[in-house]
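What follows is a short report on a single structure.
Both backbone and side-chain heavy atoms feed into the values below; hydrogens, waters and symmetry mates do not. Along the sequence shown, residues carry numbers from 1.
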Amino acid sequence: GLFDGTTLTQIKNPLKSLYEQQNNTNNYRLDGKVFAQVKFLKNFNFTSSLGYVYNATLNNTFAPSTFSFRPDGTLLNPQPSVSSASNSSTTFTRYLVENLLRFEKVFNAKHDIKVLVGQTAQHDETKTFNASVRNLPSNDITVLGASAELPSNGGSASALSLQSFLGRINYTFNDKYLLELNARMD
């Protein structure tokens, strides 16, 4: 059947667009963490962990060359629309290392002291790429290398690293009064 059925070129039939255009997106994600914990000298606890995050998004689009028809089924324009294709990708990675040393002790059943010192390091990277072309030789060939007309491409990359040192002291007297001190340096 006919999809178009309109003489208004700015207004497109949504069913026609749905059946003719392709837009495929794939997302991949990996998120993991490993850690080790060691207790020693009765009141000490050391924890070290390593985390990793990977996220990738890949997108491919294709709009074919098509003809538009009037409501009576005759061609609206003898020239077909121009086909186009595009690809884009974004990848993100993160590494995170944490090292924490804890000390906990109760003195004379009234003085509760908890101390935490730690170090963390984080590195993030983001990379993007995009490319597009127009006027592919056939609606059956949807790869970017098949056309040299109006090629465009771009991309970007960014990175962020952060290292932090932190500490906290909690002092509780007689389970009534609490003093907490925190410090952090990035």
Side-chain angles (χ1 to χ4, degrees), residues 12-40 44-66 81-104 114-170 180-186:
K12 298 293 182 190
N13 183 321
L15 285 177
K16 180 181 180 190
S17 297
L18 177 68
Y19 283 107
E20 291 177 347
Q21 297 182 5
Q22 299 172 18
N23 187 352
N24 301 313
T25 301
N26 294 313
N27 290 306
Y28 305 94
R29 182 170 174 89
L30 172 68
D31 195 340
K33 184 175 183 177
V34 295
F35 72 95
Q37 188 173 45
V38 177
K39 295 181 180 184
F40 62 99
F44 287 90
N45 180 340
F46 177 74
T47 304
S48 184
S49 65
L50 173 63
Y52 178 74
V53 174
Y54 174 81
N55 191 37
T57 302
L58 308 172
N59 180 261
N60 301 307
T61 63
F62 175 70
S65 174
T66 59
S81 63
V82 176
S83 61
S84 64
S86 67
N87 292 349
S88 65
S89 68
T90 301
T91 57
F92 172 80
T93 55
R94 169 177 287 157
Y95 301 93
L96 178 62
V97 177
E98 296 178 317
N99 295 299
L100 302 173
L101 177 64
R102 292 179 178 88
F103 171 80
E104 295 183 14
K114 295 177 183 172
V115 178
L116 168 76
V117 292
Q119 173 268 336
T120 66
Q122 176 180 326
H123 181 74
D124 296 352
E125 285 187 13
T126 303
K127 296 177 184 175
T128 65
F129 166 78
N130 58 68
S132 63
V133 295
R134 292 172 31 107
N135 205 15
L136 291 129
S138 163
N139 286 343
D140 296 324
I141 301 173
T142 63
V143 294
L144 298 186
S147 174
E149 186 177 325
L150 291 177
S152 69
N153 61 56
S156 65
S158 63
L160 166 74
S161 293
L162 177 66
Q163 178 159 299
S164 303
F165 298 94
L166 52 103
R168 178 174 58 222
I169 299 172
N170 287 332
E180 180 173 281
L181 302 171
N182 291 296
R184 180 178 176 130
M185 182 175 70
D186 294 323

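- Other residues, nucleotides and ligands contribute over 12 non-hydrogen atoms within 6.0 Å of the OH atom of Y52.
- Smallest separation of non-hydrogen atoms from N55 and Y28: OD1-O, 3.0 Å.
- Counting only heavy atoms from C-beta outward, the side chains of V117 and F165 never approach each other to under 4.5 Å.
- Taking OG from S86 and CZ from R134, the interatomic distance works out to 12.5 Å, rounded to the nearest 0.5 Å.
- Residues R184 and N182 have side chains not in contact (no heavy-atom distance under 4.5 Å, counting atoms from C-beta outward).
- Within the 4.5 Å cutoff, the side chain of N60 has no heavy atoms near those of the Q22 side chain.
- Shown here for G155 and N130, the closest heavy-atom pair between the two residues is N-ND2, 4.4 Å.
- Annotation: side chain of T91 is not in contact with side chain of F129 (no heavy-atom distance under 4.5 Å).
- S147 and N135 get closest at one heavy-atom pair: OG-O, 3.3 Å.
- A donor-acceptor pair under 3.5 Å links the side-chain atoms of N59 to the main chain of N24, judged by distance alone.
- Expressed to the nearest 0.5 Å, how far OG of S48 lies from CG of L100 amounts to 8.5 Å.
- For the atom pair NE2 of H123 and CG of L96, the computed distance is 12.5 Å after rounding to the nearest 0.5 Å.
- Side-chain atoms of E104 and N45, non-hydrogen and from C-beta on, never get closer than 4.5 Å to each other.
- Defined by atom type and a distance below 3.5 Å, a donor-acceptor pair is missing between the side-chain atoms of T57 and T90.
- Here the shortest heavy-atom pairing between L58 and S89 reads CD2-CB, 3.4 Å.
- Between the side chains of Q21 and N23, no donor-acceptor pair of N or O atoms lies under 3.5 Å.
- Rounding to the nearest 0.5 Å places NZ of K114 at 10.5 Å from CD of E180.
- Listed here is the closest heavy atom pair of T142 and A85: O-CB, 3.9 Å.
- For the residue pair S164/D186, the side-chain donor-acceptor check at 3.5 Å is satisfied.
- In this structure, D124 contributes its side chain and L160 its backbone to no donor-acceptor pair below 3.5 Å.
- With values rounded to the nearest 0.5 angstrom, E125 atom CD is found 8.5 Å from S158 atom OG.
- Of the options V133, L136, I141, a side chain to side chain contact (heavy atoms under 4.5 Å, CB included) to S83 is made by L136 and by none of the others.
- When all heavy atoms of V97 and L50 are compared, the closest pair comes out as CG2-CD1, 3.7 Å.
- Residues meeting the ring pair (Phe, Tyr, Trp, His ring centres under 6.0 Å) test with F92, sequence neighbours left out: none.
- Residues passing the ring pair (Phe, Tyr, Trp, His ring centres under 6.0 Å) test with F40 are F44, sequence neighbours excluded.
- Remark: K33 engages E98 in a salt bridge (charged side-chain N to carboxylate O under 4.0 Å, His left out) (not counting sequence neighbours).
- L144 CG to S84 OG: the interatomic distance, rounded to the nearest 0.5 Å, is 10.5 Å.
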